[in-house]
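The figures here come from the full heavy-atom set of this structure, side chains too, leaving out hydrogens, waters and symmetry mates. For the single chain, residues carry numbers from 1 onward in sequence order. For clarity, every value in this text was computed on a predicted model and none was experimentally measured.
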Amino acid sequence: MTDTVKKMDTKSSPKNAISKVPEVLLKKRKLYADLKAKRLRSQVQATKNKKFKRLVIFKRAEKYVSEYRKKERDLIRLKRSAKVRNNYHVEAEPALAFVMRIRGIRGVHPRVKQVLRLFRLRQINNGVFVKLNKATVQMLRIAEPYIAWGYPNLKSVRELVYKRGFGKVNKQRMPLSDNSVIEKSLGKQDIICMEDLVHEIFTVGENFKKATNFLWPFKLNNPKGGWRKKANHFADGGDFGNREQYINQLLRKMV
């Protein structure tokens with residue numbers, strides 16, 4: 001009986017033996033484990049970077065708000081001091097303008113077409129930010145019967161960028177749904193978020209040209225209630241020409 005048990009044990013022993021794992025499979029497992037660990041480390045680092053960047057953006061936004069408020073307070077103070085002395089405070093000439101096309105260009109002079117092309121106003125109700133200097137003012141006068149323009153305030157600039165803002169990435173129109181879109185294109189200019197972009201445009205900073213070139217021309221709606229008369233100047237009860245600060249009222253109806 002014992003002999004038979006011994007024989008059965010010897011027969012079953014090779015079946016219960018541990019099978020050897022091929023070396024190729026072991027290497028593959030180790031590679032997958034390393035890749036998983038590397039992925040986890042990168043995810044942890046990405047979350048840390050995201051939190052830090054969010055804090056930086058928040059601090060920058062606070063700094064910009066305090067800068068805008070200080071500018072407003074200084075303007076009020078200067079006006080009050082001038083009034084006390086029975087005088088007037090003359091503000092500095094605006095450096096920023098918002099230009100939009102309101103009419104077609106069929107049958108017009110080639111110079112007007114060239115100006116509108118330089119301003120990137122290829123469609124009706126397209127709008128762009130323009131830095132005001134001697135050259136741009138002359139260009140605006142050439143194309144004046146076909147455009148409406150004026151001096152936007154901070155609220156208008158912010159609404160246009162947040163509500164109607166699209167960026168130009170690889171010659172494609174991309175929505176500004178994430179700050180990473182701005183950072184990839186304008187990170188070298190230290191513009192990493194929406195508030196940086198708004199600040200650079202509103203203050204007409206050093207990188208104004210790159211910021212405006214990054215923005216796709218704004219596509220606006222027709223104003224609520226319609227236009228008054230496109231063939232007449234704004235001063236004569238029409239629509240084209242310089243509206244100065246009244247461009248903000250028009251933008252509220254079009255954004």
- [ ] Identify, with sequence neighbours excluded, every residue that meets salt bridge (charged side-chain N to carboxylate O under 4.0 Å, His left out) alongside Glu195.
- [x] Arg158
Open item on the list: Could you work out, with salt bridge (charged side-chain N to carboxylate O under 4.0 Å, His left out) as the rule, every residue matching Glu93, not counting sequence neighbours?
Closed with: none
Open item on the list: Run Asn125 and Asn221 through side chain to side chain donor-acceptor pair (under 3.5 Å) and show every step you take.
Closed with: CA-CA 7 Å; Asn125 292 346; Asn221 296 325; over 6 Å; no
Are any side-chain N or O atoms of [X] and backbone N or O atoms of [Y], one a donor and one an acceptor, separated by less than 3.5 Å?
X      : Y      : answer
Asn126 : Lys219 : no
Lys230 : Ile102 : yes
Arg243 : Asp239 : yes
Asn133 : Ala135 : yes
Asn232 : Gly237 : no
Asp236 : Gly238 : no
Thr212 : Phe208 : yes
Asp178 : Val181 : no

Determine whether more than 12 heavy atoms belonging to other residues, nucleotides or ligands lie under 6.0 Å from atom [atom1] of [X].
X      : atom1 : result
Glu206 : CD    : no
Arg111 : CZ    : no
Tyr68  : OH    : yes
Arg173 : CZ    : yes

Give, for atom [atom1] of [X] and atom [atom2] of [Y], the distance between the pair rounded to the nearest 0.5 Å.
X      : Y      : atom1 : atom2 : result
Leu251 : Lys155 : CG    : NZ    : 11.5 Å
Lys113 : Arg106 : NZ    : CZ    : 10.0 Å
Ile182 : Leu215 : CD1   : CG    : 8.0 Å
Ile201 : Asn207 : CD1   : CG    : 11.5 Å
Lys184 : Met174 : NZ    : CE    : 8.5 Å

How about [X] and [Y]: do any of their side-chain heavy atoms sit closer than 4.5 Å?
X      : Y      : answer
Glu183 : Ile191 : no
Ser185 : Val169 : yes
Pro145 : Arg103 : yes
Phe98  : Asn248 : no
Val65  : Glu67  : no
Val161 : Met194 : yes

Task: side-chain contact (heavy atoms from CB on, under 4.5 Å) partner of Leu75, the single match among Lys79, Lys71, Arg73, Arg77 - done: Lys79
Open item on the list: For Phe218 and Phe129, I'd like to know if the aromatic rings sit close, meaning centre-to-centre distance below 6.0 Å.
Closed with: yes
Open item on the list: If hydrophobic residues (ILVMFWY) are linked whenever their side-chain heavy atoms come closer than 4.5 Å, directly or via other members, who joins Tyr246 in its cluster?
Closed with: Phe234
Task: Under 4.5 Å side-chain linkage, directly or through intermediates, the cluster mates of Val99 - done: Ile105, Val108, Val112, Val115, Leu116, Leu118, Phe119, Leu121, Val128, Val130, Leu132, Val137, Met139, Leu140, Ile142, Tyr146, Ile147, Trp149, Tyr151
For a quick test of reading the model, state the closest non-hydrogen atom pair linking [X] to [Y] and the distance between them.
X      : Y      : answer
His233 : Gly241 : NE2-CA, 3.7 Å
Trp216 : Gln172 : CZ3-C, 3.8 Å
Val255 : Glu159 : CG1-O, 4.3 Å

Task: Verdict with supporting geometry, Gln249 and Arg252, side chain to side chain donor-acceptor pair (under 3.5 Å) - done: CA-CA 5 Å; Gln249 297 176 7; Arg252 299 288 178 278; over 6 Å; no
TODO: Salt-bridge test for Arg60 and Asp196: reply yes if a basic N is under 4.0 Å from a carboxylate O, no otherwise.
DONE: yes
TODO: Using ring pair (Phe, Tyr, Trp, His ring centres under 6.0 Å) as the criterion, list what pairs up with His109, not counting sequence neighbours.
DONE: none
Open item on the list: Listing request: all side chain to side chain donor-acceptor pair (under 3.5 Å) pairs with a residue in residues 34-45, at least two apart in sequence or in separate chains.
Closed with: Gln45-Asn49
